[in-house]
Amino acid sequence: MQRDVVKTLTYAGVHFAVAFGVVYLLTGSLPIATGVALLEPLANTFAYFLHERAWTRFDKRRAEAARPGPPQAERLAAV
């Protein structure tokens with residue numbers, strides 16, 4: 001989980017810089033570039049975090065399914 005948070009924060013920083021640069025080049029306006037650069041990466045950063053968590057869950061389930069032994073449903077019923 002900590003790795004996901006660090007990756008998310010560094011991604012947010014890069015995304016902010018790119019969004020700000022692109023919008024500033026297109027508009028020449030610091031307030032508009034700042035506003036867009038704050039809102040758009042914030043939404044994308046949250047989506048990226050959820051995406052990373054989903055892939056982590058997917059990898060765990062795939063690893064469980066590959067383990068030798070009874071199927072997952074039987075392992076869970078035995079608990």
Side-chain angles (χ1 to χ4, degrees):
M1 169 101 171
Q2 183 180 4
R3 182 175 183 269
D4 292 341
V5 172
V6 171
K7 283 178 68 178
T8 299
L9 293 175
T10 58
Y11 175 82
V14 170
H15 198 141
F16 174 83
V18 170
F20 180 86
V22 169
V23 175
Y24 183 73
L25 287 173
L26 291 173
T27 66
S29 169
L30 287 174
I32 292 173
T34 302
V36 170
L38 289 174
L39 293 175
E40 192 272 338
L42 181 63
N44 265 320
T45 298
F46 181 68
Y48 176 80
F49 178 77
L50 294 177
H51 180 263
E52 283 290 308
R53 298 298 297 155
W55 272 100
T56 298
R57 198 171 313 130
F58 173 77
D59 288 341
K60 283 181 183 178
R61 287 182 181 165
R62 187 173 56 183
E64 272 187 16
R67 276 194 333 207
Q72 183 179 5
E74 290 178 28
R75 285 196 302 266
L76 292 176
V79 174

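Both backbone and side-chain heavy atoms feed into the values below; hydrogens, waters and symmetry mates do not. Along the sequence shown, residues are numbered consecutively beginning with 1.
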Pairs of donor and acceptor atoms involving the side chains of residues 28-38, under 3.5 Å and at least two apart or interchain, shall be tabulated with distances.
unit_1, atom_1, unit_2, atom_2, d
Ser29, OG, Ile32, N, 3.2
Thr34, OG1, Leu30, O, 2.8

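Among residues two or more places apart in sequence or in another chain, the salt bridge (Lys or Arg N to Asp or Glu O under 4.0 Å) test is passed with Arg62 by Asp59. Looking at residues two or more places apart in sequence or on another chain, you find a side chain to side chain contact (heavy atoms under 4.5 Å, CB included) between Arg3 and Lys7.
At a threshold of 4.5 Å between side-chain heavy atoms, the hydrophobic network of Ile, Leu, Val, Met, Phe, Trp and Tyr places Val14 and Leu42 in two separate groups. A continuous path of hydrophobic side-chain contacts links Val18 to Leu26 [ILVMFWY only; heavy atoms under 4.5 Å].
Separating the CG atom in Asn44 from the OG1 atom in Thr8 is a distance of 12.0 Å, to the nearest 0.5 Å.
The aromatic rings of Tyr11 and His15 sit perpendicular, their planes meeting at an angle over 60°, well past the 30° parallel limit.
Residue-environment remark: OH (Tyr24) stays at or below the threshold of 12 foreign heavy atoms within 6.0 Å.
Side-chain contact between Phe49 and Val5: present, with at least one pair of heavy atoms (C-beta onward) separated by less than 4.5 Å.
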